[in-house]
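Both backbone and side-chain heavy atoms feed into the values below; hydrogens, waters and symmetry mates do not.
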Amino acid sequence: MTNLEPISAEAQMILAELRGLRDEVLSTHQEARATLVAIREMVDELHRVQRSESNIEQELTDVANRLGDALDGAQPSLSSCTVCGSDVERHAAENGILLICKACGHTAFAERRSNQDRRHGFERRCMGQMVVEDPAEPVPEGIDWTSPEA
């Protein structure tokens, strides 16, 4: 038979503290694991967002390139309608040349200029020119402007 002595109160207190510390360590370990799982999920989500942003940027670049290609080749013919192929009339316009189809009435602008280009062109045309109004014609005296005969 073994001789078991009762555990002293001090030893029981130390054992209780050790059990409490063990429980705290287990709880901290579980919290750390949960935190790591949350961090992994956030990193995965960030990677998904980065891939989406990269795809969006690529699509925007493709659209910009297609628009640039379309605008570069979009200059209408100065002699024939882009809709029906008939002859067009050219008219000077503030934006460039206005093309009007004689057959179908389709209109288009060629050689468009920006507002800034038009402004600079207007300033160059007006530079050094003075605006002089023609003298008004003299009004003959003795005319009754209120009478119906005038």
#### Entry: Atom CD of Glu10 with >12 non-hydrogen neighbours under 6.0 angstrom
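No, the 6.0 Å shell around CD holds no more than 12 heavy atoms from other groups.
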
Donor-acceptor pairs are to be reported for all side-chain atoms of residues 13-36 against protein atoms at under 3.5 Å, with residues two or more places apart or in another chain.
from  : atom 1 : to    : atom 2 : distance (Å)
Thr28 : OG1    : Glu24 : O      : 2.8
Thr35 : OG1    : Glu31 : O      : 2.8

Only pairs under 3.5 Å count here: list side-chain donor-acceptor contacts from residues 52-64, not counting sequence neighbours, and write none if there are none.
from  : atom 1 : to    : atom 2 : distance (Å)
Ser52 : OG     : Arg48 : O      : 3.1
Asn55 : ND2    : Arg51 : O      : 3.3
Gln58 : NE2    : Asp62 : OD1    : 3.0
Thr61 : OG1    : Glu57 : O      : 2.9

Run the side-chain donor-acceptor check on residues 97-109: report pairs under 3.5 Å with partners two or more places apart or on a different chain.
none

### Message
Can you list, by chain and residue number, the hydrophobic cluster partners of Ile39 when the side-chain cut-off is 4.5 Å?
### Response
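Grouped by the 4.5 Å side-chain rule, Val43 form the rest of the cluster around Ile39.
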
### Query
Taking only residues two or more places apart in sequence or in another chain, which ones pass side chain to side chain contact (heavy atoms under 4.5 Å, CB included) with Ala11?
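Per chain and number, Ala11 pairs via side chain to side chain contact (heavy atoms under 4.5 Å, CB included) with Ile7, Ser8.
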
